[in-house]
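Notes to accompany the following structure.
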Number of protein chains: 2
Amino acid sequence: MPRAATTTDVFNAIAEPRRREIIDALRGGRVHAVGELVKKLRIPQPAVSKHLGVLRRVGIVSASRYGRHRLYQLNAEELKSVHDWVKTYERFWTHQLDRIKERAERKAAERLGHKSRVAKDEEEKPW
Amino acid sequence: MPRAATTTDVFNAIAEPRRREIIDALRGGRVHAVGELVKKLRIPQPAVSKHLGVLRRVGIVSASRYGRHRLYQLNAEELKSVHDWVKTYERFWTHQLDRIKERAERKAAERLGHKSRVAKDEEEKPW
DNA sequence: CAATTATATTCCTATATGGGAATATGTCAA
DNA sequence: TTGACATATTCCCATATAGGAATATAATTG
């Protein structure tokens, strides 16, 4: 099986650096014509259009016409799913002290026999 | 040019759903043998090994030996770059009120002639 | 209508999958 | 040593790029 399409979900869509650049350029709610993005990011116009196409299919951006221009706008809420997922790991790099404390607490609990319960079908491993 | 390798960076590595499942399974700091992941996630062993290989090359997990087992451990800090990037968009979906207020403030500023300064080489667009 | 401008689409190509099957490697146990 | 077990690697293949070049489509202007 090949890799999932870039339009499968937001995670795949933002894996491409240039697409993240485009997203960043659209930050602040300002709409941008394709040509502006081309000039700003120095990416060939067809490439920008293609990347915008991917982002649009995933829902990260939406487009509207303005004369012969096409204006793109960010729908940043679509990035929420990524944020929600990665946020659950936030504690691993913030608050070093909390982490240490947490470990100490876990060990203390073990000493007191308050091991976290193990699911029935899950054997106790020696590690 | 083909898509960037999955081992290019964390963004590409986590684009694959099964790799995120593996990461999630390793949460909590507990080490896991490959076989445990296979049973837990119901993914064929070669697939698990391959995905772990990708994650290891990117640095998201690290491995150690224990007899004939290989124990994998999460290095969640590697996910920080993703968090840092997506976090800058957090305000777009949290605090609805703040967003409304912000827009109102921007409009007010415009009324007062306090437009955000425009870079010299950036023309004023009609939109 | 013709020329121009803005953007999208099509073609082509080299490359990197991800899964399945089979097999190799490594380690322990009798 | 010989199995048996745990994990990694290799092969094969269908598929989805991402970029470049060329072209098509759309809208404006004269």
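Basis for what follows: all heavy atoms, side chains included, without hydrogens, waters or symmetry-related copies. The chains referred to below are lettered A, B, ... by the order of the sequence lines, with proteins before strands, and numbering in each begins at 1.
The phosphate of C:dA8 has OP1 or OP2 within less than 4.0 Å of a side-chain N or O from A:Y72. The phosphate of D:dT7 has neither OP1 nor OP2 within less than 4.0 Å of any side-chain N or O from B:S49. At the phosphate of C:dC28, neither OP1 nor OP2 sits under 4.0 Å from any side-chain N or O atom of B:H69. Between B:R18 and C:dG19 there is a side-chain N or O to OP1 or OP2 distance below 4.0 Å.
Mapping A:P2 and A:A33 onto DNA chain C via the closest heavy atom, the residue that lands nearer the 5' end is A:A33. Two residues, A:T7 and A:R70, neighbour DNA chain D, and the one matched to the more 5' nucleotide by heavy-atom proximity is A:T7. Where A:L52 and A:M1 each meet DNA chain C at their nearest nucleotide, the meeting point lying more 5' is that of A:L52.
Regarding B:R3, its CZ atom lies at a distance of 14 Å from the C1' atom of D:dA14, rounded to whole Å. The CG atom of A:N12 sits 9 Å away from the P atom of D:dT17 (whole-angstrom rounding). In this structure, the CG atom of B:L41 is 16 Å from the C1' atom of C:dG19, given to the nearest Å. Here D:dC5 presents its P atom at 17 Å from CD of B:E36, a figure rounded to the nearest Å. Whole-Å rounding puts the A:K50 NZ to D:dA21 P distance at 11 Å. Whole-Å rounding puts the B:R68 CZ to C:dA30 C1' distance at 12 Å. Between the CD1 atom of A:I22 and the P atom of C:dT7 there is a distance of 13 Å, given to the nearest Å. C:dA8 atom C1' lies 14 Å from atom NE2 of A:H51, rounded to whole Å.
Here the closest non-hydrogen pair linking B:W93 and B:V86 is CH2-O, 4.0 Å.
Nucleic acid contact for A:P46: base, since at least one base atom lies under 4.0 Å from a heavy atom of the residue. Nucleic acid contact for A:R56: none, since no nucleic acid atom lies under 4.0 Å from a heavy atom of the residue.
When side chains are defined from C-beta on, B:K39 does not count as touching B:E36, because their heavy atoms never get closer than 4.5 Å. Using a 4.5 Å cut-off on side-chain heavy atoms (C-beta onward), A:I14 and A:V82 make contact.
With hydrogens and angles left out, the side chain of B:Q45 and the base of D:dA6 share no donor-acceptor pair within 3.5 Å.
For B:R27, the CZ atom is densely surrounded, since the number of other residues' heavy atoms within 6.0 Å is greater than 12.
The side chain of A:A5 sits closest to D:dT17 out of D:dT29, D:dC5, D:dT17.
The aromatic rings of B:W127 and A:H69 are tilted relative to each other, their planes meeting at an angle between 30° and 60°.
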